[in-house]
Q: 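Quick one: structure below, then a few questions.
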Amino acid sequence: MEVSKRQSERDEQGSMNNEHGQHNSIAVNQLGYRSQDAKVAVIAGQGGRFHIVHALNGEVVWQGHTSPAIEDVASGQTVSRGDFTAWAVPGTYRIETEYGQASMPFVIADEVYEDAHRALLKAFYYFRCGTKLDELHAGPWQHGACHLTPAIVHGDESRQVDAWGGWHDAGDYGKYVVPGAKAVADLLLAFEFNPEAFSQQLPLPESDGRMPDVLHECRYELEWMQRLQEEESGGVFHKLTTLRFPAGDVMPEDDTAPLYLSPISATATGCFAGVMAMSSRIYSPYDEAFAASCLQVAERAWTWLEAHPNMPGFRNPPDIATGEYGDGQDADERYWAAAELYRATGEARYHEAFQALARQDSFGKYELGWADMGGYGTFAYLMSEREEEPALARELMAGLLQRADELAAVSDRDGYGISLLPDQYIWGSNMVVLNHAMLLLVAGRLSGSEDYDRHVHEHIHYVFGANVTGMSYVTGYGTKPILHPHHRPSEGDGVEEPVPGLVSGGPNKGLHDDYAREHLAGKAPAASFADVMESYSTNEVAIYWNSPAVFVLSHFV
């Protein structure tokens, strides 16, 4: 199909999606609901009596009353909520109201998340760079090997580094250490918390029946990161990209512009030290040699950090226009690195460094975004079997529970049951939704409480369709999934369906691209979304949006 024709069709579809989304009458989790979980549908309007009916014969099997209607600022709607947790009989149903509203069909079953969980993890294979994706493992989304030429060290063009491998970061083909470290950390934490959720092979080319596939996949990224550590200094190059983004329909193997390594940064080196120390623990039962190499490079990175205590934040060189992932301060990355190195080694010097960083108030200690890695340091310290400083551990645990309670309180007030305030519908808002769900689960696990689970269920419901757009924000999953993500392989491969299992960035009130400025101006924050390739600020995909989704679903499979 001609690109121009595809763009025209997407433009029309995007307008339809947003118009219809604004008038979505009953929003449900399009994957379905587990029998014993909290089950809530969001109903536009004043509410009242609603019924659960069999989807095939229309028989009413249960009925209830909605909560009182509220004006939901984030969605711009008047909504009420229909709680049908009490109905747990497996089957296929829809919800109807006395005013003639009807939901999409959905299932109630004991297992509803397994396929989606595997797809969210398999997506990382589709993000792989530097290797052919074969038909056996990639199906119709196969493509050739890409980006195999040595990378030029920016500012020292006589140097080249063989830095193939790793994951493409998002809808483009850049590879970035900081968000890559977040993605790996999420996946390793998911495995550490719920290893049984990863017992089945995907499969991957490396599947061997001994090491779980999640560890095979993470290793592909970790080995690439190790290639970005400068041999002489131990510092880590910030990213590997071309100078400019390629066109939107260029396949990875056709992106042949020269590759450049951007300068070493403290944030990249700190994240590298943290994720490598973490990996040294996780991989030790499966590959002792690889685990030892991870610890060795983590300690070399820490040595670099100690020698560079006052590094300026990373900024793109003037001639590089790819994603910057800049960060004004690096205390949170150092905090995470110190926690993981202490957990891995037990050495007092790392414990002392962690305690000193914990006394700083320049960064959040419960955040999980690529620019705010403090939460990973807190998790590592609270989960460590090493001797802790009791007062500090109590303080961090109390802060974690306070943050979880704050998120739960926002969820209780929100029309769609999630923990985003109206001004948090930013670029990648679905990452924020999933990060919050992740924090709630960790808080529950470390405190021994299940009180937060019902809030987490609603965050999952939101991602898979219980939102104002009425769309599932995951490609290939749900009755009405996104179809046109900002993802170059999905655009250029000639396959009608996008690569499956990709999490869209979601609503963004900031209107950061031309399509959004033209079509979404005046929309409520949670409705500021367009399912078109052109709206990269609402509909791009990214590895660090998929990774917290894997963590969250792994808790329920």
Q: Check whether the ring centres of H457 and F556 lie less than 6.0 Å apart, and answer yes or no.
A: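 Ring-ring flag for H457/F556: true, centres closer than 6.0 Å.
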
Q: Taking the cut-offs as 6.0 angstrom to the six-membered ring centre and 45 degrees off its axis, would you call K239 and F237 a cation-pi pair?
A: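 No, a cation-pi geometry is absent between K239 and F237.
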
Q: Would a distance-only check, ignoring hydrogens and angles, find a side-chain to backbone donor-acceptor pair under 3.5 Å from E157 to G155?
A: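 Looks like yes, one N/O pair under 3.5 Å.
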
Q: May I ask you to say whether E223 pairs ionically with R219, meaning some side-chain N is under 4.0 Å from a carboxylate O?
A: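 Looking at E223 and R219, the cut-off is met.
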
Q: For W304 and E230, test the side chains for any donor-to-acceptor distance below 3.5 angstrom and give the result as yes or no.
A: no

Q: Taking the six-membered ring for Trp, are the ring centroids of Y536 and H487 within less than 6.0 Å of each other?
A: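 No, the ring centres sit 6.0 Å or more apart.
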
Q: How about Y335 and F363: are their ring centres within less than 6.0 Å of each other?
A: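 Distance test on ring centres: under 6.0 Å, yes.
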
Q: Distance from F551 atom CZ to D186 atom CG, nearest 0.5 Å?
A: 8.0 Å

Q: Has E387 got more than 12 heavy atoms of other residues, nucleotides or ligands less than 6.0 Å from its CD?
A: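 Open.
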
Q: Would you indicate whether the side-chain heavy atoms of V410 and L420 approach each other to under 4.5 Å?
A: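 Heavy-atom side-chain distance check fails, nothing below 4.5 Å.
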
Q: Within the distance-only criterion (no hydrogens, no angle test), does the side chain of S537 pair as donor or acceptor with the backbone N or O of W427 below 3.5 angstrom?
A: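 The answer is no, because no donor-acceptor pair under 3.5 Å joins these two groups.
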
Q: Kindly indicate whether the side chain of R128, heavy atoms from C-beta on, has any atom under 4.5 Å from the side chain of W224.
A: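 No, every pair of side-chain atoms sits at 4.5 Å or beyond.
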
Q: Evaluate the side-chain proximity of V499 to T475: yes if any heavy-atom separation is below 4.5 Å, no if none is.
A: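 No, too far: nothing below the 4.5 Å cut-off.
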
Q: Under the side chain to side chain contact (heavy atoms under 4.5 Å, CB included) rule, what do L189 and V442 come out as? Steps first, then yes or no, please.
A: CA-CA 10 Å; L189 281 170; V442 173; 6.0 Å; no

Q: For the residue pair Q160 and P150, what are the closest heavy atoms and their distance?
A: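 Heavy-atom minimum between the residues: OE1-CB, 3.7 Å.
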
Q: Parallel, tilted or perpendicular: which fits the ring planes of F124 and W167, with parallel below 30° and perpendicular above 60°?
A: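 Judged by the thresholds at 30° and 60°, the geometry between F124 and W167 is tilted.
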
Q: Does the gap between the ring centers of W370 and Y176 come in under 6.0 Å?
A: no

Q: For S207 and Q201, indicate whether the former's side chain and the latter's backbone hold a donor-acceptor pair under 3.5 Å.
A: no

Q: Would you indicate whether the side-chain heavy atoms of Q229 and M225 approach each other to under 4.5 Å?
A: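 Side-chain contact under 4.5 Å: no.
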
Q: Could you pull out the closest heavy-atom pair between T149 and L259, with the gap in Å?
A: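 Of all heavy-atom pairs spanning T149 and L259, the closest is O-CD1, 3.5 Å.
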
Q: Any side-chain heavy atom of H154 sitting closer than 4.5 Å to one from D319?
A: yes

Q: Please identify which of these residues, I460, D453, V456, meets the side-chain contact (heavy atoms from CB on, under 4.5 Å) condition with H555.
A: D453

Q: Quick one: pull up OH in Y462 and CG in D414 and give me the separation to the nearest 0.5 Å.
A: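 That separation rounds to 8.5 Å.
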
Q: Do N194 and R445 have a side chain donor and acceptor closer than 3.5 Å?
A: yes

Q: Look up atom CG in D327 and atom CE in M373, then write down how far apart they are to the nearest 0.5 Å.
A: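 Interatomic distance, D327 CG to M373 CE, rounded to 0.5 Å: 10.0 Å.
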
Q: Examine distances only and state if a side-chain atom of Q424 and a backbone atom of L421 form a donor-acceptor pair shorter than 3.5 Å.
A: yes

Q: Using a strict 4.0 Å threshold on nitrogen-to-oxygen distance, state whether R454 and D412 make a salt bridge.
A: yes

Q: Within the 4.5 Å heavy-atom criterion, are P317 and S262 side-chain neighbours or not?
A: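 SC-SC contact between P317 and S262 confirmed.
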
Q: Side chains of S265 and H238: any donor to acceptor distance under 3.5 Å?
A: yes

Q: Does a donor on one side chain sit under 3.5 Å from an acceptor on the other, for D330 and T267?
A: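 The criterion, which ignores hydrogens and geometry beyond distance, is not satisfied for T267 and D330.
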
Q: When you measure from the side chain of S447 to the backbone of A443, do you find a donor-acceptor pair of N or O atoms at a distance under 3.5 Å?
A: yes

Q: Can you tell me how far the OH atom of Y283 sits from the CD atom of E288, to the nearest 0.5 Å?
A: 14.0 Å

Q: Contact between D115 and Y477 at the side-chain level, heavy atoms closer than 4.5 Å - yes or no?
A: yes

Q: Check whether NZ of the Lys or CZ of the Arg R343 lies under 6.0 Å from the centre of the six-membered ring of Y381 and within 45 degrees of that ring's axis.
A: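 Cation-pi check for R343 and Y381: fails.
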
Q: Please round to the nearest 0.5 Å and tell me the distance separating atom CD of E340 and atom CG of L188.
A: 9.0 Å

Q: Are there over 12 heavy-atom neighbours, none belonging to D423, within less than 6.0 Å of that residue's CG?
A: yes

Q: Please work out which of the three classes, parallel, tilted or perpendicular, describes the rings of W164 and Y220, given edges at 30° and 60°.
A: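 Rings of Y220 and W164: perpendicular, over 60°.
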
Q: Could you grab the distance from atom CD of E196 to atom OG of S554, nearest 0.5 Å is fine?
A: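 If I round to the nearest 0.5 Å, the distance is 8.0 Å.
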
Q: Do R349 and E352 meet the salt-bridge criterion of a basic N to acidic O distance under 4.0 Å?
A: no

Q: Quick one: closest heavy-atom pair of A266 and R334, and the distance?
A: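 What the structure gives for the nearest pair is CB-NH2, 4.0 Å.
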
Q: Could you check whether S504 and N539, counting side-chain N and O atoms only, form a donor-acceptor pair closer than 3.5 Å?
A: yes

Q: Of all the heavy-atom pairs spanning H216 and D208, show the shortest one and how long it is.
A: NE2-OD1, 3.3 Å

Q: Would you say D169's side chain and G174's backbone share a donor-acceptor pair under 3.5 angstrom?
A: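 No; zero donor-acceptor contacts below 3.5 Å.
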
Q: Do E347 and H351 pass the side chain to side chain contact (heavy atoms under 4.5 Å, CB included) test, and can you show the C-alpha distance, the side-chain angles, and the key distance before you say yes or no?
A: CA-CA 7 Å; E347 292 187 19; H351 196 192; over 6 Å; no

Q: Donor-acceptor pair, distance only, cut-off 3.5 Å: does the side chain of H459 make one with the backbone of S419?
A: yes

Q: Check whether any side-chain heavy atom of R300 lies under 4.5 Å from a side-chain heavy atom of M276, and answer yes or no.
A: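 Answer no - side chains too far apart.
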
Q: So, for A151 and L240, which heavy atoms are closest and what is the spacing to 0.1 Å?
A: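 That would be CB-CD1, 3.8 Å.
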
Q: Looking only at side-chain N and O atoms, does E299 offer a donor or acceptor that is under 3.5 Å from a partner on T303?
A: no

Q: When the aromatic ring centroids of Y425 and F529 are compared, is their separation below 6.0 Å?
A: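 So the answer is no for these two rings.
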
Q: Can you see which heavy atom on K175 is nearest to which on T241, and at what distance?
A: N-CG2, 4.2 Å

Q: What is the ring orientation for W336 with Y376, classed by angle as parallel under 30°, tilted 30 to 60°, or perpendicular over 60°?
A: tilted

Q: Does Y173 have its ring centroid less than 6.0 Å away from the ring centroid of H147?
A: yes

Q: Would you say H168 and D172 are linked by a side-chain donor-acceptor pair, where the criterion is simply a distance under 3.5 Å?
A: no

Q: Spell out, as yes or no, whether a donor-acceptor pair under 3.5 Å connects the side chain of T345 to the backbone of L341.
A: yes

